[in-house]
Chemist: 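Pasting a structure here, questions to come.
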Amino acid sequence: MAQRVTRRAFLSTSATAGAGAALGCSALGSPAAQASESLPPSPAPGRPVSIASGNGLRATARAVELLQSGEDTLDAVIAGVTIVEDDPEDMTVGYGGLPNEEGVVELDACVMHGPSCNAGAVAALQKIRNPSRVAQLVMSRTDHVLLAGEGALRFAVAHGFEPQDLLTDKARRAWLRWKETHSAADDWLSEEEARAALDARPTGTINCLAVDAKGDLSGVTTTSGLAYKIPGRVGDSPIIGAGLYVDNDVGAAGATGRGEAVIISSGSRIVCENMRRGMPPAEAVLDVLERIARQTVEPRLRDEKGRPAFDVTLYALRKDGAYASGSIWSGKSFAVHGAAGGRLEACLHLFEREA
Ligand code: GLY
């Protein structure tokens, strides 16, 4: 049976935990742990501020630099993630991202602009290294929200994007290694495999959120998706409400990690709704992680103790600049940049990874 993670448990370990510290469910059930009912505070460093996944330190620095010069929040976060999309060393995003099972890089991205309540997204986009910029054009230059596959590519080319091969030699070699050894590790599940344990594969992504000095918010999520996926698989990153949600009255939220779990939980939307109902960012993300843990009932998705055999990280940025990030498993960090500079902070978590 899955270990049930209760709200009380989330609220149980902060007596010894500072901001950004672990919130381990290893303390579940301990009388000492249940003595306290408060979470670590969600810091509010003032505005502007930008937060991002752990691979987004440069993205948040660029976003804040642009916000300080008066740029719109959406242009700022897109300029930030463009650095990562262009970086061949980040094999989870844009150029150099790990390909699908046929060796073709397919990218997903979405953007959401708080002040205009508008959004755009692309899914399974090939050959264009900056899907976040194409998503912005879907928002601003179409009456649609999401374009996929060949149509998304044609739309990008019509807007002057240069098609190119996004598979770097490093990513091709990683894919080839996988091809040569994958046998049971693809996404085609035989009846036996559907009952077997999940074989974890990279699902890196960048999510970047920002609030400017006025309190306007925007966000972007961009990814090459699950490594070696079935061609056409779309994760949470281009799905508004899953990989990203922005509510200019309340805050913004994003997600990285196993997209299927984030889609099923409507993760980012629920984080924003939690903040609307008054939960601080830390509680808002942990509540959704708890739901994901509880809703993970398929045996192949659970470890031997009934916990999710995958990770999801959620990011929350409230309108006043307060923020938090949490993961199912310990060990993750996230990027923060405010007026005083940038740093990586530890994510809260539900479960302590055993060494
Ligand atoms: N969160 C990225 C993906 O699952 O595609």
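FYI, the numbering just counts along the sequence from 1. Indexing begins at 1, ligand by ligand and atom by atom, following the structure's order. Because the structure is predicted, anything quoted here is derived from the model rather than measured.
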Chemist: If the condition is ring pair (Phe, Tyr, Trp, His ring centres under 6.0 Å), which residues does H159 pass it with, not counting sequence neighbours?
Modeler: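 Testing H159 for ring pair (Phe, Tyr, Trp, His ring centres under 6.0 Å), a comparison that skips the adjacent residues, returns F155.
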
Chemist: Would you mind listing which atoms of ligand 1 come within a distance below 4.0 Å of any non-hydrogen atom of G257?
Modeler: 1 (N), 2 (C), 3 (C), 4 (O)

Chemist: Using a 4.0 Å cut-off to any heavy atom of T205, which atoms of ligand 1 qualify?
Modeler: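 Per the distance check, 1 (N), 2 (C).
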
Chemist: Any carboxylate oxygen within less than 4.0 angstrom of a Lys/Arg side-chain nitrogen, looking at E65 and R58?
Modeler: no

Chemist: Could you check whether R154 pairs with E150 (Lys NZ or Arg NE/NH1/NH2 to Asp/Glu carboxylate O, under 4.0 Å)?
Modeler: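 The answer is yes: the pair qualifies as a salt bridge.
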
Chemist: Side chain, backbone, both or neither: which part of R233 has a heavy atom under 4.0 Å from ligand 1?
Modeler: side chain

Chemist: Check each atom of ligand 1 against the heavy atoms of L226 and keep those under 4.0 Å away; list them by number with element.
Modeler: 5 (O)

Chemist: Any carboxylate oxygen within less than 4.0 angstrom of a Lys/Arg side-chain nitrogen, looking at E85 and R133?
Modeler: no

Chemist: Any nitrogen or oxygen of G259, side chain or backbone, less than 3.5 Å from one on ligand 1?
Modeler: yes

Chemist: What residues form a salt bridge (charged side-chain N to carboxylate O under 4.0 Å, His left out) with R277, not counting sequence neighbours?
Modeler: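 If we apply the salt bridge (charged side-chain N to carboxylate O under 4.0 Å, His left out) test to R277, skipping adjacent residues, there are no hits.
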
Chemist: Short list, please: which atoms of ligand 1 are under 4.0 Å from a heavy atom of S237?
Modeler: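 Going through ligand 1 atom by atom, the ones under 4.0 Å from S237 are 1 (N), 2 (C).
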
Chemist: Does this structure show an ion pair linking D86 with R129, if we count only N-O contacts that are shorter than 4.0 Å?
Modeler: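 So D86 pairs with R129 through a salt bridge.
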
Chemist: Under 3.5 Å between any N/O of D236 and any N/O of ligand 1: does that happen in this structure?
Modeler: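 Yes, at least one N or O pair falls under 3.5 Å.
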
Chemist: Just which atoms of ligand 1 are under 4.0 Å from any heavy atom in G225?
Modeler: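 Answer for ligand 1: 5 (O).
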
